[in-house]
Amino acid sequence: MLLTAEIVPGLLAQGASARVDAKVAPLFKVGDRICVRNLNPTTHIRLPGYLRGKMGTIETDYGVFAFPDTHAHGLPEKPQHCYSVRFTAREVWGPQASDRDTLRVDVFDDYMDKA
């Protein structure tokens, strides 16, 4: 299904999920150190620019979902795992950031490599 502006209100009201029932092996496990790929496509991407090239740690594997970068364009779902990844504030924003703060971002398999 192609995501259009007209159907968004109905999907939100129903609590629609991009979770898919597909058997896909995870590329990462909890505790793995990862490096976010430095991707700069000319099309849609759900990867925040401030994470590109940053190191983090997998905290949670949420399971398998349709990959939004293809699915939003009406292309095949390209099912893959999505993870909660923890980054230190200093890794993301540099030495001026607090050494006590962290952030967690949901990141798909296609956005990461093992560190």
Side-chain angles (χ1 to χ4, degrees):
M1 167 176 59
L2 182 60
L3 183 62
T4 63
E6 294 78 30
I7 66 172
V8 169
L11 291 173
L12 291 174
Q14 295 173 4
S17 172
R19 185 180 296 276
V20 295
D21 186 24
K23 300 292 182 204
V24 177
L27 298 181
F28 306 96
K29 65 183 185 318
V30 172
D32 281 353
R33 292 279 298 151
I34 60 89
C35 181
V36 177
R37 293 177 179 167
N38 188 10
L39 304 172
N40 295 288
T42 58
T43 58
H44 175 79
I45 187 167
R46 291 282 306 268
L47 177 64
Y50 60 85
L51 291 180
R52 296 171 190 172
K54 305 300 182 185
M55 305 287 285
T57 303
I58 303 288
E59 285 203 332
T60 305
D61 181 345
Y62 293 126
V64 180
F65 294 82
F67 186 53
D69 294 7
T70 56
H71 193 59
H73 293 285
L75 300 172
E77 290 180 334
K78 195 176 181 184
Q80 58 188 263
H81 285 254
C82 183
Y83 310 85
S84 175
V85 181
R86 181 178 45 82
F87 299 88
T88 66
R90 286 193 173 173
E91 174 67 18
V92 176
W93 291 295
Q96 71 279 5
S98 168
D99 65 350
R100 298 180 303 157
D101 294 339
T102 60
L103 68 148
R104 284 146 183 84
V105 180
D106 297 343
V107 184
F108 284 87
D109 278 330
D110 276 8
Y111 297 152
M112 301 182 288
D113 291 310
K114 287 192 178 180

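Looking at residues two or more places apart in sequence or on another chain, you find a side-chain contact (heavy atoms from CB on, under 4.5 Å) between R86 and T57, E59, T102, R104. With sequence neighbours excluded, the residues that form a ring pair (Phe, Tyr, Trp, His ring centres under 6.0 Å) with F28 are Y83. A search for salt bridge (charged side-chain N to carboxylate O under 4.0 Å, His left out) contacts involving E77 returns nothing, not counting sequence neighbours.
The structure places CE of M112 at 11.5 Å from CG of L39, a figure rounded to the nearest 0.5 Å. Remark: K54 NZ to N38 CG distance equals 10.0 Å, nearest 0.5 Å.
V20 and Y62 fall into different hydrophobic clusters, where Ile, Leu, Val, Met, Phe, Trp and Tyr residues are linked whenever their side-chain heavy atoms come under 4.5 Å apart, directly or through other members. V30 and V24 are assigned to two separate hydrophobic clusters, defined by single-linkage of ILVMFWY side chains at heavy-atom distances under 4.5 Å.
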- For the pair H81 and L27, evaluate side chain to side chain contact (heavy atoms under 4.5 Å, CB included) and give the outcome as yes or no after the intermediate values. CA-CA 8 Å; H81 285 254; L27 298 181; over 6 Å; no
- Item | Candidate pair V36 and F87, rule side chain to side chain contact (heavy atoms under 4.5 Å, CB included), full reasoning | CA-CA 11 Å; V36 177; F87 299 88; 3.8 Å; yes
- Task: Assess whether side chain to side chain contact (heavy atoms under 4.5 Å, CB included) is satisfied between D69 and D110, documenting all intermediate values.
- Result: CA-CA 10 Å; D69 294 7; D110 276 8; over 6 Å; no
- Query: Which is it for S84 and D106 under the side chain to side chain contact (heavy atoms under 4.5 Å, CB included) test, yes or no, and what are the steps along the way?
  - Reply: CA-CA 5 Å; S84 175; D106 297 343; 4.2 Å; yes
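The two atoms that bring V64 and P79 nearest to each other are CG1-CB, 3.6 Å, heavy atoms only. Counting all heavy atoms, side chain and backbone alike, S98 lies closest to A89 at O-CB, 3.7 Å. In this structure, M55 and A115 approach most closely via the heavy-atom pair CE-CB, 3.1 Å. Considering all non-hydrogen atoms of both residues, I58 and K29 come closest at CB-O, 3.5 Å. Scanning both residues, F65 and G63, for their nearest heavy atoms gives CD1-O, 3.5 Å.
Checked by atom type and distance alone, the side chain of R37 never pairs as donor or acceptor with a backbone atom of Y111 at under 3.5 Å. Side-chain atoms of R52 come within 3.5 Å of backbone N or O of L47 as a donor-acceptor pair.
Within a 6.0 Å radius of CG in D99, more than 12 heavy atoms belonging to other residues, nucleotides or ligands are found.
Below 30°, between 30° and 60°, or above 60°: for F67 and F108 the angle between ring planes is above 60°, a perpendicular geometry.
The shortest distance between side-chain heavy atoms of L103 and Y50 falls below 4.5 Å.
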